[in-house]
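What follows is one structure encoded as structure tokens, with my remarks underneath.
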Amino acid sequence: MGKTNACLTIPRITAQDRSALSRSGDFLPFHKHLTLDEQRRQASRCMDCGVPFCHAGRILNGMATGCPLGNLIPEFNDLLYRGAYRQALMRLLLTNPLPEFTGRVCPAPCEQGCMRAFPHENLSKHPLINTPVKCMEAITIRENELTLVEMGFENGWIAPIDAAPNGKSAAVIGAGPAGLACAIRLREYGYSVDIYEKADKPGGLLMYGIPHMKLEKQAIDRRVKWMERSGIKFHLSHEVRGLSELGRKYDAVVVCVGSGQPRDLSVSGRSLKGIEFAVDYLTESTKSVLAGAEPSVTAKGKDVVILGGGDTGNDCVATAIRQGAKSVTQLEIMKRPPDERLPGNPWPEWARTLKTDYGQQEAEARFGADPRIYEAATREFVGDEAVSQVVADVAGVQKTYPAQLVLLAMGFVGVSSGLAESLGVQTTERGAIQTDGYRTSMDGVYACGDARRGQSLVVWAVREGCECAKAAAGRP
Ligand SMILES: Cc1cc2nc3c(=O)[nH]c(=O)nc-3n(C[C@H](O)[C@H](O)[C@H](O)COP(=O)(O)OP(=O)(O)OC[C@H]3O[C@@H](n4cnc5c(N)ncnc54)[C@H](O)[C@@H]3O)c2cc1C
Ligand code: SF4
């Protein structure tokens, strides 16, 4: 285990991001890193608990807690603390083929399940524990992970895959995190792997959903080059519309096309100009940032209203501010979450509490207020040709917001319209690809990631990609 007593003597410290005001003026990455010495001190806080909840991803009360990948967290924390960096990295890579992405964008359900996240003020109310404990702040698991993988790339410890060919071939359709993880594992098993991706760059939502300042795209390019050196072939700008289009017969085909059908809102005025789906807007923004060009749709000088208070909406807030929006408002249909855990939501469940993400912090710094308005149901878009106002019921009161750009960030309702049918696989009522385990209704065809489980997280996509590769290869 880490350092004896460190859990009681060393406080949790995370890397300070660039300040909200300064970072909101550019698209440069805002994450900073601790020094290696400080990161080791942080790792030393890990108590190597007898029953560590952090590394066992479980669904409790409908939400994940603990790492869905089963990362060997106490082990890599201890090795990091002891300075055995390479061994720590190897432990991490056993379960997570893409830690540079989870290390940057994972909401870290592991840290929610960490023993050290037990809210001590509620301790006396917990049915199982009645001993007072000090210093209740989770270990910095995600930053420990990121430190290890970045050290691995810097020092050339992450060697390309050199598996002996097993004479079998696989096609992976979609190069999001599920497809990338699946391709890596299949290649490790000896398959020759082709990835087909309809976009001009691999990465899926890592590339064109999550903005550059949160996940710098060089990290994706670096991993893709490593995959190419490992013998995996990418076929970009290649949209697969039917399995017969693949041009050759594969031993296994894995469908990882994501959950690309955005939820729409059919209210009066929906057809007005200036109302965009969030991912289309974010994609255009990232393409323009990478090309150093002006985006064709921009928030510059506009009042922007974002429908949806979740992560996608938050990315839209941050992007609109960087493009020079005049004002940003985020309408959320749900109630404002509580600041503290409610009694019905005890540790180690995912805490259903208010989280103020980076975009909302930036809006506060720029405009002096949190952009979120809760219990807001949009009733109408108003305008002549283009939208000029959004009318919403806010906790029973009708309100009007000026808006020359409206972004719909209300989630997704399954794989892109018509895609499952053209691929010949069956879907569930929720529009996801139906599977038994990871097998679809078609022989030799598998599915994983958001396409199978519905809109989710990068960490789940990676887990599904790994498990699906095992299923496709007939491994236990
Ligand atoms: C704006 C936004 C921000 C997010 N932020 C976070 C975050 O911070 N942290 C987090 O954990 N999760 C986040 N998520 C969720 C996360 O990105 C997804 O859960 C994850 O990317 C799903 O991975 P996937 O591989 O299943 O699908 P995707 O990432 O959607 O990849 C699917 C790929 O398939 C390709 N494709 C589709 N159809 C075809 C076809 N016919 N032929 C060839 N290719 C095709 C697509 O172009 C795409 O590249 C975010 C999601 C969004 C929308
Ligand atoms: S992948 Fe996510 S949940 Fe797993 S250890 Fe890393 S940050 Fe935690």
Side-chain angles (χ1 to χ4, degrees), residues 54-55 57 64-73 76-77 92 95-96 98-99 101-114 138-146 149 171-182 195-211 214-215 235-242 245-246 255-260 262 277-279 281-283 286 308 310-316 319 357-358 409 411-412 415-416 418-420 422-423 447-465 468:
C54 59
H55 78 173
T65 192
C67 178
L69 285 162
N71 276 352
L72 303 167
I73 294 165
F76 72 62
N77 280 340
L92 174 59
T95 52
N96 187 352
L98 299 169
F101 304 137
T102 47
R104 283 176 169 82
V105 306
C106 188
C110 52
E111 294 185 16
Q112 299 265 332
C114 175
I139 311 301
T140 56
I141 301 168
R142 192 185 63 195
E143 290 190 1
N144 294 353
E145 170 178 320
L146 185 58
V149 65
V172 172
I173 306 174
L180 298 179
C182 188
I195 302 191
Y196 296 90
E197 167 54 55
K198 77 171 174 185
D200 59 342
K201 283 175 177 283
L205 290 170
L206 298 174
M207 178 58 77
Y208 288 137
I210 303 175
K214 185 169 180 192
L215 171 53
H235 304 265
L236 301 177
S237 304
H238 187 132
E239 180 172 1
V240 179
R241 293 198 193 82
E245 268 186 25
L246 292 176
V255 181
C256 329
V257 290
S259 181
F277 286 116
V279 170
Y281 167 74
L282 293 170
T283 301
T286 297
D311 293 346
T312 304
N314 172 67
D315 288 331
C316 291
T319 301
D357 211 333
Y358 74 102
F412 299 85
V415 295
S416 298
L419 179 56
S422 61
L423 292 174
C448 61
D450 280 9
R452 189 193 85 91
R453 69 181 290 122
Q455 173 193 1
S456 186
L457 293 171
V458 171
V459 66
W460 283 104
V462 175
R463 169 178 161 160
E464 293 222 343
C468 185

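Quick note: numbers below take in every heavy atom, side chains included, and nothing from hydrogens, waters or symmetry partners. Whatever order the structure lists ligands and atoms in, that order sets their numbers, starting from 1.
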Is the backbone N or O of K198 less than 3.5 Å from a side-chain atom of E239, with the two atoms forming a donor-acceptor pair by type? no

With sequence neighbours left out, write down each residue that passes salt bridge (Lys or Arg N to Asp or Glu O under 4.0 Å) with R104, or none if nothing qualifies. E150, E216

Would you mind counting protein N, O or S atoms that sit less than 2.8 Å from atom 4 (Fe) of ligand 2? 1

Among L246, V257, V172, whose side-chain contact (heavy atoms from CB on, under 4.5 Å) with Y196 holds? L246

Would I195 and L180 count as a side-chain contact (heavy atoms from CB on, under 4.5 Å) here? Give the steps. CA-CA 8 Å; I195 302 191; L180 298 179; 4.3 Å; yes

Do T283 side-chain atoms and Y208 backbone N/O form a donor-acceptor pair below 3.5 Å? yes

Tell me which donor-acceptor pairs under 3.5 Å the side chains of residues 455-462 have, and how far apart each pair is, sequence neighbours excluded?
from	atom 1	to	atom 2	distance (Å)
Q455	OE1	F412	N	3.2
S456	OG	R453	NE	3.3

Just by distance, do the side chain of R142 and the backbone of A108 share a donor-acceptor pair under 3.5 Å? no

Is R241 reaching over with its side chain to a backbone N or O of S422, donor-acceptor style, under 3.5 angstrom? no

Contacts for ligand 1, heavy atom under 4.0 Å, by chain and number, are V105, P107, I173, G174, A175, G176, P177, A178, Y196, E197, K198, G204, L205, G209, I210, K214, H238, E239, V240, C256, V257, G258, V279, L282, T312, D315, F412, L419, G449, D450, S456, L457, V458, A461

Looking only at non-hydrogen atoms, find the nearest pair between G209 and L282 and report the distance. O-CD1, 3.6 Å

